[in-house]
Amino acid sequence: MQSDAWTSPRRRSTSCYSDSGDSSCSEPFSECGSDDLSFTPAAAAGIHRLLLSCAAEASEDAISSLMAELESPAPSLDSLRRAAMELRLLAKHNPDNRVRIAKAGGVRPLVKLLSHADPLLQEHGVTALLNLSICDENKATIVEAGAIRPLVQALKSAASPAARENAACALLRLSQLDGAAAAAIGRAGAIPLLVSLLETGGPRGKKDAATALYALCSGARENRQRAVETGAVRPLLDLMADPESGMVDKAAYVLHSLVGSGEGRAAAVEEGGIPVLVEMVEVGSSRQKEIATLSLLQICEDNAVYRTMVAREGAIPPLVALSQSPSVRPKLKTKAESLIEMLRQPRSPSLRARPAAVVAAE
């Protein structure tokens with residue numbers, strides 16, 4: 001690529017980005033990770049009958065009995081664990097059970113488990129709520145039961161990695177309720193924790209964190225500002241620049257939601273996002289080319305200095321190739337042509353000389 005007076009801070013890769021094998025332009029977010037309850041072979045053999053029974057519909061009496069165990073004034077730890085696990089499995093395996101458990105008042109007892117000192121009991125509580133939240137009509141009930149803050153706390157400090165990942169996934173599902181829920185999750189402190197999980201989590205944790213960040217930032221404008229202030233842009237760009245991460249598409253879509261604000265655009269430019277996005281237009285999949293083009297369009301729209309940087313990075317040739325490709329959708333072709341025209345506009349020398357601090361303030 002060209003590098004006029006402005007030099008790319010990244011080494012170029014010639015490999016094509018891909019983390020899903022899907023070259024369509026639909027959003028790359030499937031549902032987040034589900035309940036992945038596993039056991040040792042000996043334990044699995046011991047509860048095989050329980051798993052089979054949980055796959056069937058549970059009676060109201062059976063659900064009420066389990067809730068009574070959870071709300072018993074002096075229950076043993078073993079009885080609490082078993083009741084919570086059974087509710088978790090009932091909600092995991094049968095959609096009708098999710099409705100029955102919520103209608104029977106099972107949400108509040110499960111929310112109380114989130115603050116329990118026992119790590120396994122906490123994991124069962126978190127994951128049972130995750131499984132219940134798969135049902136759309138349960139989301140409001142879970143929010144009204146006060147689950148948001150305990151779930152955020154579980155995301156922060158649960159002893160079990162599975163509990164932390166499932167808390168992220170449950171928060172994602174609750175954020176889909178409405179903008180108010182997404183904003184409440186952000187105000188409860190979820191954004192910095194999700195950014196941390198994006199940086200340090202395992203493969204599933206990173207994917208769940210990216211999916212949750214996308215939902216939260218798309219659902220509430222204030223969450224986009226929180227994500228930028230927390231430093232989300234840097235790990236997103238790192239993932240976008242690493243095809244081996246399996247996170248290119250997801251990270252690119254989260255970044256696109258952030259560059260919708262002036263603070264997000266400034267952070268993306270400051271952190272070296274322009275060469276990453278230009279390279280994605282050049283060698284990415286169809287979906288990646290589209291989201292990178294849309295992000296560059298937002299970055300360039302109201303800032304002549306950013307347009308200069310994008311043009312000097314060599315964006316015009318791959319954009320021309322994209323606009324002339326017969327396989328490109330008409331809408332994307334129009335966007336690419338608009339960006340090309342924008343980049344070919346005369347750029348004032350005085351604008352090129354303006355300091356970065358002034359650019360960021362625009």
Side-chain angles (χ1 to χ4, degrees), residues 1-19 195-196 198-200 206 209-210 213-214 217 224-285 288-319 339 342-343 347 351-362:
M1 282 199 165
Q2 306 175 26
S3 66
D4 215 358
W6 196 79
T7 304
S8 167
R10 292 184 179 274
R11 180 169 59 86
R12 292 310 180 113
S13 166
T14 57
S15 61
C16 180
Y17 293 98
S18 177
D19 62 43
V195 172
S196 177
L198 188 70
E199 293 178 301
T200 64
K206 289 177 183 288
L213 282 170
Y214 182 77
C217 293
R224 294 198 286 275
Q225 183 174 350
R226 290 189 183 98
V228 172
E229 291 173 351
T230 302
V233 171
R234 175 75 273 151
L236 289 171
L237 289 172
D238 289 340
L239 291 168
M240 289 167 61
D242 179 14
E244 299 301 317
S245 71
M247 290 285 296
V248 176
D249 291 29
K250 291 178 175 63
Y253 270 78
V254 179
L255 182 75
H256 179 253
S257 72
L258 299 185
V259 297
S261 69
E263 298 88 350
R265 291 190 288 275
V269 173
E270 184 178 342
E271 294 287 353
I274 287 175
V276 177
L277 289 166
V278 171
E279 184 176 12
M280 192 174 286
V281 174
E282 185 175 27
V283 300
S285 67
Q288 292 159 5
K289 289 175 187 288
E290 174 161 355
I291 196 64
T293 299
L294 295 176
S295 293
L296 287 170
L297 191 59
Q298 284 191 302
I299 287 170
C300 292
E301 203 158 24
D302 297 316
N303 195 302
V305 179
Y306 293 169
R307 291 198 290 272
T308 298
M309 296 170 70
V310 171
R312 287 180 173 178
E313 187 57 33
I316 292 177
L319 285 168
L339 182 53
M342 195 180 295
L343 295 177
R347 296 181 290 278
L351 280 173
R352 287 200 295 268
R354 291 175 69 186
V358 176
V359 175
E362 290 188 353

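If you read the sequence from its start, that first residue is 1, and numbering goes on from there. Remember, it's a predicted structure, so these values are computed and weren't measured experimentally.
- Taken from NZ in K206 to OG1 in T200, the straight-line distance is 7.0 Å, to the nearest 0.5 Å.
- Remark: Q225 engages E229 in a side-chain hydrogen bond (donor to acceptor under 3.5 Å, both in side chains) (not counting sequence neighbours).
- In this structure, the side chains of L294 and H256 come closer than 4.5 Å at one or more pairs of heavy atoms.
- Side-chain atoms of L255 and L277, non-hydrogen and from C-beta on, do get closer than 4.5 Å to each other.
- Residues A268 and L237 come closest through the heavy atom pair O-CD1, 4.1 Å.
- Nearest heavy-atom pair, A252 versus I291, reported as atom, atom and distance to 0.1 Å: CB-CG2, 3.8 Å.
- Here the shortest heavy-atom pairing between P235 and G231 reads CD-O, 3.1 Å.
- In this structure, CG in L339 is found 11.5 Å from CD in Q298, a value given to the nearest 0.5 Å.
- Here the straight-line distance linking atom CD1 of I274 with atom CZ of R312 works out to 11.5 Å at 0.5 Å rounding.
- With sequence neighbours excluded, the residues satisfying side chain to side chain contact (heavy atoms under 4.5 Å, CB included) with E263 are V228, S261.
- For the residue pair P318 and G314, the shortest heavy atom distance occurs at CD-O, 3.2 Å.
- Counting heavy atoms from C-beta outward, V248 and M280 have side chains that approach closer than 4.5 Å.
- Shortest non-hydrogen contact noted between V254 and A210 is CG2-O, 3.4 Å.
- Interatomic distance, OG of S295 versus CZ of R265, reported as 11.0 Å (0.5 Å rounding).
- A 4.5 Å side-chain heavy-atom check between L258 and L236 finds at least one atom pair inside the cut-off.
- The nearest pair of heavy atoms linking C300 to R307 is O-NH1, 2.9 Å.
- Looking at L296 and L343, their side chains never come closer than 4.5 Å, going by heavy atoms from C-beta outward.
- Here the side chains of M247 and L198 are in contact, with some heavy-atom distance below 4.5 Å.
- In this structure, CG on L239 lies 11.5 Å from CG on D249, to the nearest 0.5 angstrom.
- Side-chain atoms of L297 and M342, non-hydrogen and from C-beta on, do get closer than 4.5 Å to each other.
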